[in-house]
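Computed from a predicted structure; not experimentally measured. First listed ligand is number 1; within each ligand, the first listed atom is number 1.
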Amino acid sequence: MQITKPHAALLASPGMGHLIPVLELGNRLVNHHNLHITVFVVAASDITTEKISQLLDSSPNDHLDVMLLPSVDISGIVDPDTNMVTKIVVTMHESLPALRSAISGMKIRPTALIVDLFGTGAMPIADEFEMLKYVFIASNAWFLATTIYAPFVDKKVLDDEHVDQKKPLKIPGCSSVRFEDTLEAFLDSNDPLYHGYLSVGREISTADGILVNTWEDLEPKSLRALRDGKLLGGVAKAPVYPIGPLARTVGPVSENRVLEWLDMQPSESVIYVSFGSGGTLSSKQMIELAWGLELSQQRFIWVVRPPLENDVSGSFFTVGNGSMGTVDYLPDGFLNRIHNVGLVVPMWAPQAQILEHPSIGAFLSHCGWNSTLESITNGIPMIAWPLYAEQKMNATMLTEELKVSVRSKELPTERIVERQEIEMMVRKVMLDNERLGIKNKVKELKTSALKASSKGGSSYNSLSQLTQDCENRLQCLKVKAQGA
Ligand code: UDP
């Protein structure tokens, strides 16, 4: 294909939770900013060409190419029980030669490479090919500030005060991170993950720019800190572009029994329950959740995965692959009793379409940032049920700062949340007076999100700046080529 527009490449880390926001960014750049985009996808067992085409089918575009890089075998490098983040980091590292050869084989080379959080190892490749390099943080500004500030925190403060003595980690200009909410990577300074994560924090700042999936009015304080040369000790050297919310846009809806069922339910009467692309619960917790939903007497849709005992991110790479097996881990007779009131969906549901549906009244979510934004942009109140990664920080932000969710008294990763508490939370967000306050708050955020991404809005303008940078680089390269 003859490429006539400025051209940028995006690199997506393995896992649907990473691929989805990268594709959304690609779509936004193509549709609103007139770029040509090539997305390089690092293979993982849950990413098949079929899944990619399903995602692309919802918004087909001639100016968005997707290239699935060959899968790499990491079984000789990491133990099967290694944590999910280390597997992602190693997979990314092993995929770099394939990325390099894919870029060098392109007839028209992109002028910029945009990598996500785990793709910073690819930035030297951008340098090799004289491309601009950007990092896209598919999460919020508070998480970004924490990630880039952590490598510069005195080791005594991070390891002794924050981790051992469980004191909050101060992030200048931003909210502190409570120990209970902290990132798993900080917990053990003997784990290679600790050092790997701190290196990523350092590398992010060396980019030409950092894109973050938030918007000015959602996180003014953290964004100010990121831009202030002094507040964060000047660690955020690269310009920060808040470009969100990049929540999934829904294309033509194919026939689906969940959506058909939703069509038959009254307005705002259904709570949607899902733990993202990889979240799993223990069998005891699943039983309590099933009872809690039943006792609440509210309609629900629950995306169910087989329980895993000590691994909250257990399905991250594999969801959509494995079969569900029998659902004998749900309480006896549960499926019969909830007939007509609830729908249990195995493994994966069309979440973006579900959350847009007028019958949805609330979302019990693991607080992954994509799910969070999909909820906010649809004005849906939440029950925050964080499991892993930065989800505990997100849950705190949603409940205490933005006030668009309720949550359990103790973290679900610390203690089983019992049926009575679940029943109470569901009734709070679906029925009680508290719903009204939350609903108003989340509607305000929905409006501000729409404003930020519309033409002339703050996030729209940030992406325009990026497009301009790509065009300028293209002109420079042309001038250089003419001079040579
Ligand atoms: N998702 C979906 N169906 C499911 C579960 C998840 O479509 O059954 C999508 C969801 O809409 C979101 C993404 O997968 O876009 C999950 O991303 P998030 O950041 O919320 O969580 P993660 O999977 O990264 O933990």
Is [X] close to ligand 1, meaning an N/O of one under 3.5 Å from an N/O of the other?
{"X": "Ser274", "value": "no"}
{"X": "Arg305", "value": "no"}
{"X": "Ser277", "value": "yes"}

Per-atom contacts, ligand 1 versus [X] - under 4.0 Å to a heavy atom:
{"X": "Gly17", "answer": "17 (O), 23 (O), 24 (O)"}
{"X": "Gln391", "answer": "25 (O)"}
{"X": "Ile20", "answer": "9 (C), 13 (C), 14 (O), 15 (O)"}
{"X": "Val303", "answer": "8 (O)"}
{"X": "Ser371", "answer": "18 (P), 20 (O)"}
{"X": "Ala349", "answer": "2 (C), 3 (N), 4 (C), 7 (O), 8 (O)"}

Does ligand 1 have an atom that lies less than 4.0 angstrom from a heavy atom of [X]?
{"X": "His18", "value": "no"}
{"X": "Met16", "value": "no"}
{"X": "Tyr388", "value": "yes"}

Quiz item: If hydrogens are left out, which of Glu374, Met84, His366 has an atom nearest to atom 11 (O) of ligand 1, that is, the closest non-hydrogen atom?
Solution: Glu374
Self-check item: Listed partners of Phe118 passing ring-ring contact (aromatic ring centres under 6.0 Å, His included), at least two apart
Solution: His18
Exercise. Write out all pairs satisfying salt bridge (Lys or Arg N to Asp or Glu O under 4.0 Å) with one or both partners inside residues 191-201, taking only residues at least two apart or from two chains.
Key: none
Quiz prompt | Side-chain heavy-atom pair Phe363, Trp385 within 4.5 angstrom cut-off | solution = no
Exercise. Run the salt-bridge test on Glu268 and Arg435 with the 4.0 Å N-O cut-off and return the result as yes or no.
Key: yes
